[in-house]
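Just so it is clear: chains get the letters A, B, ... in the order the sequence lines come, proteins before strands, and each one is counted from 1.
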There are 2 protein chains.
Amino acid sequence: MTKSDKPVTKERLLDAAHHLMLAKGFTATTVEQICTSAEVTKGCFFHYFKGKEDLARATLERVFEYKSRTLAEAPYRSLPDPLDRVYGYVDLVIEMSQSNIAQQGCLLGNFAMELSDTHEDMRVTCANFFMKWTESFQADLDQAKAQEAPEANFDTLSLAEHFIAVLEGAFILAKSRRDMKVVKESLLHFKGYLRSLFGK
Amino acid sequence: MTKSDKPVTKERLLDAAHHLMLAKGFTATTVEQICTSAEVTKGCFFHYFKGKEDLARATLERVFEYKSRTLAEAPYRSLPDPLDRVYGYVDLVIEMSQSNIAQQGCLLGNFAMELSDTHEDMRVTCANFFMKWTESFQADLDQAKAQEAPEANFDTLSLAEHFIAVLEGAFILAKSRRDMKVVKESLLHFKGYLRSLFGK
DNA sequence: TATATCATACCAACCAGTCGGTATATAATA
DNA sequence: TATTATATACCGACTGGTTGGTATGATATA
């Protein structure tokens with residue numbers, strides 16, 4: 001209670017910010033809404049964060065680290081065949097998109113779209129996160145390609161970017177439809193594309 | 001000047017709203033910014049539109065109609081082979097994405113992401129526009145499939161949705177990177193996927 | 001004159017952020 | 001042990017500025 005209560009408050013603020021900003025975006029989300037949702041007052045909020053943008057960045061970082069850890073620790077990671085890891089990764093993302101964890105979309109995509117033209121530093125932050133994400137997937141794609149299709153002339157970097165585009169775009173459609181089915185279907189199309197590239 | 005200036009005022013407001021909301025989103029764009037950009041005053045603004053949301057909807061409708069017309073009147077439409085029309089369509093979207101017309105992204109995707117959870121009617125509007133868009137592409141896909149791969153078991157509807165997802169998601173990446181190259185590359189990947197489905 | 005177009009002044013609500021203060025806990029000191 | 005000091009956690013009233021929208025009036029056109 002004494003020592004384990006302290007971080008909880010900050011976590012509550014981060015959680016509230018995540019949910020609200022995922023739903024309504026950065027601008028439309030009020031500091032007071034976040035405070036109400038986290039059951040703290042504004043004085044408390046500004047004790048932990050310099051301001052709204054500071055909180056947004058902290059939230060984005062936390063989400064990204066959480067997802068990175070989840071993916072890195074997933075069972076599919078220990079598959080010996082690199083191509084299995086590629087498919088395993090896509091399957092895991094499909095699974096995660098259908099669970100209620102990412103039921104609302106992707107905060108990274110949200111911020112990239114909303115803030116890129118107004119918050120230059122946020123734009124750079126988003127671009128960097130996208131780059132890290134891309135590179136981690138590309139690493140597996142490279143290994144799979146070296147083993148399965150070394151002669152093929154597709155670019156693994158742009159293929160990894162394509163995957164992220166598919167996912168982020170599908171989230172948009174899913175949001176307007178209130179149904180995550182599109183995400184799954186679109187990622188399955190991407191998987192089909194991978195099969196055509198790797199000769200299954 | 002006299003007669004050609006009148007409709008221009010409303011168009012200027014629509015144009016200003018399009019540019020600003022594409023860059024900053026609906027919420028972060030103020031009506032005063034729109035008025036300043038369109039070089040009119042607020043009194044004038046509220047003469048033409050009931051409010052900010054009314055303007056947003058009008059802008060979205062105008063953009064959609066404009067793009068529909070552009071695509072419907074494009075030369076590729078008269079190609080006799082349905083599969084050529086499919087590829088022609090993708091090529092045209094690639095071309096448009098690289099030109100300075102859609103250099104900022106897609107207002108439909110923007111609104112869908114930002115307003116789906118707060119403006120129910122806007123969510124429905126966006127979902128309907130997405131549906132119209134999907135169906136128009138699906139029509140060509142159906143014809144191409146009937147001719148080239150009638151036995152194949154892919155779903156043309158979900159394939160058309162996949163295309164839109166690719167495009168919208170690539171716009172997000174492009175925005176954070178300030179470079180539309182990703183859009184072209186991702187759409188080329190989609191084209192490769194189509195080739196694998198139709199056996200070229 | 002009547003109507004459409006546009007301008008100016010204004011308002012109530014809302015917003016991010018500030019500020020002075022309280023409560024609690026640990027630690028240093030006497 | 002009692003007391004003082006210091007730091008962290010939290011509260012809620014307040015502020016300066018912004019926002020969407022209104023009220024009213026001027027001008028132009030038909």
Where protein sits on nucleotides 11-18 of chain C, one letter per nucleotide: B base, S sugar-phosphate only, - none, heavy atoms under 4.0 Å: ----SBBB

side-chain hydrogen bond (donor to acceptor under 3.5 Å, both in side chains) contacts touching residues 143-154 of chain B (sequence neighbours left out): B/Asp81-B/Gln147, B/Arg85-B/Gln143

d(NE2, B/His47; P, D/dG25) in whole Å: 18 Å

Interatomic distance where NZ belongs to B/Lys24 and P belongs to D/dT18 [whole Å]: 13 Å

Residues forming a ring pair (Phe, Tyr, Trp, His ring centres under 6.0 Å) with B/Phe129, sequence neighbours excluded: B/Phe64

Phosphate OP1/OP2 of D/dT8 contacted by A/Tyr48 side-chain N/O (<4.0 Å): no

Spacing between B/Leu20 atom CG and D/dG20 atom C1', to the nearest angstrom: 16 Å

Residue pairs, two or more places apart or on separate chains, that pass side-chain hydrogen bond (donor to acceptor under 3.5 Å, both in side chains) and touch residues 68-79 of chain A: A/Arg77-A/Asp140

Which donor-acceptor pairs under 3.5 Å do side chains of residues 156-173 of chain A form with protein atoms, sequence neighbours excluded?
from: A/Thr156; atom 1: OG1; to: A/Gln138; atom 2: NE2; distance (Å): 3.3
from: A/Thr156; atom 1: OG1; to: A/Asp142; atom 2: OD1; distance (Å): 2.6
from: A/Ser158; atom 1: OG; to: B/His189; atom 2: NE2; distance (Å): 2.5
from: A/Glu161; atom 1: OE2; to: B/Arg177; atom 2: NH1; distance (Å): 2.6
from: A/His162; atom 1: ND1; to: B/Ser186; atom 2: O; distance (Å): 3.4
from: A/His162; atom 1: ND1; to: B/Ser186; atom 2: OG; distance (Å): 2.6

Rounded interatomic separation in angstrom, taking CZ from B/Phe49 and C1' from C/dA4: 15 Å

For A/Thr118, side chain to side chain contact (heavy atoms under 4.5 Å, CB included) partners two or more places apart: A/Leu115, B/Lys24

Listed nucleotide nearest any side-chain atom of B/Cys44, set C/dA7, C/dT5, D/dC10: C/dA7

Aromatic A/Phe45 / basic A/Lys10 pairing, under 6.0 angstrom, 45° off normal: no

Under 4.0 angstrom between A/Thr9 side-chain N/O and D/dA9 OP1 or OP2: no

